[in-house]
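Down below is the structure, laid out as structure tokens.
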Amino acid sequence: MNYEEVMKLALERGFYFPSCEVYSDANAGFWEYGPSGVGLKNKFLELWRRELIRRDGMMEIDGSQIMSKSVFEASGHLGNFADPIIKCTKCNSTFRADRTIAEIANIEIPESADLDEFDYAIKENKIQCPKCKGDFSSTKKFNMMFKVGIGPQEEEAYLRPETCQSIFVDFPRLFKTMRGKLPLGIAQVGKSFRNEIAPRQSLLRLREFYQAEIEVFCNPNRLNEVEKFTEIENTIIRVQTDAEPVTMTCKEALESGTVPNKFVAYYLGILTEFYEKTGIDVTKSRFRKLGDKEKAFYAEVAFDFEVETTIGWLELVACNYRSDYDLSSHANKSKEKFEVMDNDEKVLPHVFEISMGIDRSLYTILEHSLKNDEEHERMVLSLKPYLSPVHVGILSLVKKDGLKEKTDEIFLNIKRKFDAFLDHSGAIGRRYRRLDEIGAPFAITVDHQTLEDNTVTIRKRDSMEQSRVDISKIDSILLESVAFP
RNA sequence: GCAGUUAUAGUACAGUCUGGUUAGUACUCGUGCUUGCCAAGUACGUGACCCGGGUUCAAAUCCCGGUAACUGCACCA
């Protein structure tokens, strides 16, 4: 299904919708999750915890969203997370100063250069607006971080532009108190904030968005000593270094040198296995190796995990080998020690990061799962049962003759164990269709026979097949069917 | 941020050009009846002109300004 169909479903069925929509000054780039969206998100994160955090023995933290100025001085975000921009005084178009100068005058000025340098180059080369030939204003820095003022003095602090900085600054304490041993994965789920110039396409480019980030701290001298590698050596991944993605096993990726070491290959493998279990079609995925110009300022090697959707390739996860960039920066700035012992060796750990965009992942799951079943004239959201916001609909065939009471009784017995949805009203077919659209894998219907022999029918979402089971079996059937893999 | 397009119920659309009665339709949603396993029928009901200003006796409709969404460009650590 395409973006429009997913959007319609999201609005009609409570997956997500614009923030503050009743007010006309609502800003672009902010969206909220409704009940169905929260259900899906929570279950997605539970799967993430199972498949990555627990599988690899990582620890999870929950840090502050507002962080002090020093953090971002050290991380480089105050210096580098800003683009030099110039604005045309005539038509108001905004351009990147470095790129415009490179394009027109063929002069390369690094983006981190002094602003004077850009102004000088623009003046010397008489560079004008490519659109209207107007003159440019002087160069300014546009920083994508939101600044906030703390306390009555409004002291300078920032909303985090990525969740991982808490992981870096917390690393010394966590390693000491939680009996850390390299390699050590530390994870965090939470919101990040970026003042995007042009937010677009609902969940796909937000100003306030969810990330699930993992930072794996490792000994850079032991990147090929990964025992767990055998678990994923035959897992198939798709890697793109040139024009087209190539399908290969993790072992082949390692041996061909496509992926630099066992350590990175292992995480690309378990990440792919995770996404396969979300129901995203991983044959439409790729790890795209980024060139030097595309990489973030802190990354040494970078792979973007991208998935093909109806609106093109979508970046869901950034995998960056950040080396010791972050820990040494924070060590220098804070004067704290970040080295740790790895057996007898004292090392400043390197970091491999798996930075997942949750909102984009949820969109992709919805797009890949939503099907138009033309034969039965219905939309079906074929979510994996363990990701569905509603596990089971509990329906009475009709309200009268005591069926309602019997249905209520069944609902009462299972509503704390499963995400169950009770519905008595309207035609039975309509109620099935509604459940199909929010991805409920099962519907249990109470009919007249139920009153005689204590059996109900269970309907499966995808096949629409029904079977009769004893009420006493409902628990165990559901337990097995909606369990995480 | 630039350009173009658009903005009417939960959703999709009509009406706007040519200002004028109670803003219409479909689906959805709620209640009743009916039926009794896949969006049926039937009756009733809830629900909307993006925001602000201007023109006018009168503005959903015309004008100006904002905001948002879509498309393209630019941007995307």
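Within every chain, numbering begins at 1; the chains are lettered A, B, ... in the order of the sequence lines, protein sequences first and strands thereafter.
Between A:D436 and A:R459 there is a salt bridge, since a side-chain N of the basic residue sits under 4.0 Å from a carboxylate O of the acidic one. We find that A:K123 and A:D119 are not joined by a salt bridge, their nearest charged nitrogen and carboxylate oxygen being 4.0 Å or further apart.
For the P atoms, the distance from B:U16 to B:A60 is 15 Å, rounded to whole Å. For the C1' atoms, the distance linking B:U8 with B:G4 amounts to 22 Å, nearest Å. Annotation: B:U35 and B:U42 have their C1' atoms spaced 11 Å apart (nearest Å). Between B:C63 and B:C73, the two C1' atoms lie 30 Å apart (nearest whole Å). Comparing B:G19 with B:C57, their P atoms are spaced 15 Å from each other, to the whole Å. One C1' atom belongs to B:C50, the other to B:U61, and the distance between them is 15 Å to the nearest Å. The P atoms of B:G52 and B:C13 are separated by 25 Å, rounded to the nearest whole Å. Comparing the C1' positions of B:G66 and B:G24 gives a spacing of 30 Å, expressed to the nearest Å.
Note on ring orientation: taking the six-membered ring where Trp is involved, the planes of A:H391 and A:F418 are perpendicular (angle over 60°, cut-offs 30° and 60°). Using the six-membered ring where Trp is involved, A:F168 and A:F217 have ring planes that are perpendicular, over 60° apart on the 30 and 60° scheme.
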Which side-chain N or O atoms in residues 351-363 of chain A pair as donor and acceptor under 3.5 Å with protein atoms at least two apart or in another chain?
| from | atom 1 | to | atom 2 | distance (Å) |
| --- | --- | --- | --- | --- |
| A:E353 | OE1 | A:N320 | ND2 | 2.9 |
| A:E353 | OE1 | A:R322 | NH1 | 3.2 |
| A:E353 | OE2 | A:R322 | NH1 | 2.6 |
| A:S355 | OG | A:Q211 | NE2 | 3.4 |
| A:S355 | OG | A:E213 | OE2 | 2.7 |
| A:D359 | OD1 | A:Y33 | OH | 2.5 |
| A:D359 | OD2 | A:Y210 | N | 2.8 |
| A:R360 | NE | A:L204 | O | 2.8 |
| A:R360 | NH1 | A:E315 | O | 2.9 |
| A:R360 | NH2 | A:L204 | O | 3.0 |
| A:S361 | OG | A:Y275 | OH | 2.7 |
| A:S361 | OG | A:G357 | O | 2.8 |
| A:Y363 | OH | A:E367 | OE1 | 2.7 |

Side-chain atoms of residues 6-20 of chain A: list all donor-acceptor pairs with protein atoms under 3.5 Å, sequence neighbours left out, distances to 0.1 Å.
| from | atom 1 | to | atom 2 | distance (Å) |
| --- | --- | --- | --- | --- |
| A:R13 | NE | A:E437 | OE1 | 2.8 |
| A:R13 | NH2 | A:E437 | OE1 | 3.2 |
| A:S19 | OG | A:E32 | OE1 | 3.3 |

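In this structure, A:Y3 reaches the sugar-phosphate backbone alone: every heavy-atom distance under 4.0 Å involves primed, P, OP1 or OP2 atoms, never a base. Residue contacts shown for A:Q449 are absent, as no nucleic acid heavy atom lies under 4.0 Å away.
A side chain to side chain contact (heavy atoms under 4.5 Å, CB included) with A:K406 holds for exactly one of A:I471, A:D401, A:D447, A:V456; it is A:I471.
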Could you go over nucleotides 66-68 of chain B and give all protein N or O partners under 3.5 Å, atom names and distances?
| from | atom 1 | to | atom 2 | distance (Å) |
| --- | --- | --- | --- | --- |
| B:U67 | O2' | A:S24 | O | 2.8 |
| B:A68 | OP1 | A:A28 | N | 3.2 |

Enumerate all atom pairs, one protein N or O and one N or O from nucleotides 30-35 of chain B, separated by less than 3.5 Å.
| from | atom 1 | to | atom 2 | distance (Å) |
| --- | --- | --- | --- | --- |
| B:G32 | OP2 | A:K399 | NZ | 3.2 |

Original post:
What dot-bracket string describes RNA chain B from 5' to 3', counting Watson-Crick and G-U wobble pairs whose defining distances are under 3.5 Å, with [ ] for crossing pairs and | for pairs to another strand?
Top reply: (((((((..((((......[...)))).(((((.......)))))....(((((..]....))))))))))))....

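At least one side-chain heavy atom of A:L366 sits under 4.5 Å from a side-chain heavy atom of A:L40. Put simply, the side chain of A:L316 reaches to within 4.5 Å of the side chain of A:I280, judged on heavy atoms.
Taking atom CD of A:E196 as the reference point, atom P of B:A74 lies 16 Å away to the nearest angstrom. When rounded to the nearest whole Å, the span between CE of A:M7 and P of B:C70 equals 7 Å. Taking atom CG of residue A:N2 and atom P of nucleotide B:C70, one finds them 13 Å apart after rounding to whole Å. Atom NE2 of A:H424 and atom C1' of B:C37 are 17 Å apart (whole Å). B:C27 atom P lies 13 Å from atom NZ of A:K8, rounded to whole Å. In this structure, A:I197 places its CD1 atom 7 Å from P of B:C76, rounding to the nearest Å. Separating the CD atom of A:Q201 from the C1' atom of B:U71 is a distance of 10 Å, rounded to the nearest angstrom. Atom CE of A:M379 is separated from atom C1' of B:U11 by 13 Å (rounded to the nearest Å).
Between the side chain of A:S388 and the backbone N or O of A:G439 there is at least one donor-acceptor pair closer than 3.5 Å.
Within a 6.0 Å radius of NZ in A:K473, other residues, nucleotides and ligands contribute 12 heavy atoms or fewer.
Nearest-nucleotide assignment on RNA chain B puts the 5′-proximal partner with A:T445, out of A:T445 and A:E213.
The side chain of A:L397 has B:C37 as its nearest neighbour among B:C76, B:G10, B:C37.
Side-chain atoms of A:R160 and A:Q165 include no donor-acceptor pair closer than 3.5 Å.
In terms of polar N and O atoms assigned as donor or acceptor, the side chain of A:Q466 comes within less than 3.5 Å of the base of B:C37 in a complementary pairing. A donor-acceptor contact under 3.5 Å is not formed by the side chain of A:R200 with the base of B:C76.
For A:F263, the ring-ring contact (aromatic ring centres under 6.0 Å, His included) partners at least two apart in sequence or on another chain are A:Y267.
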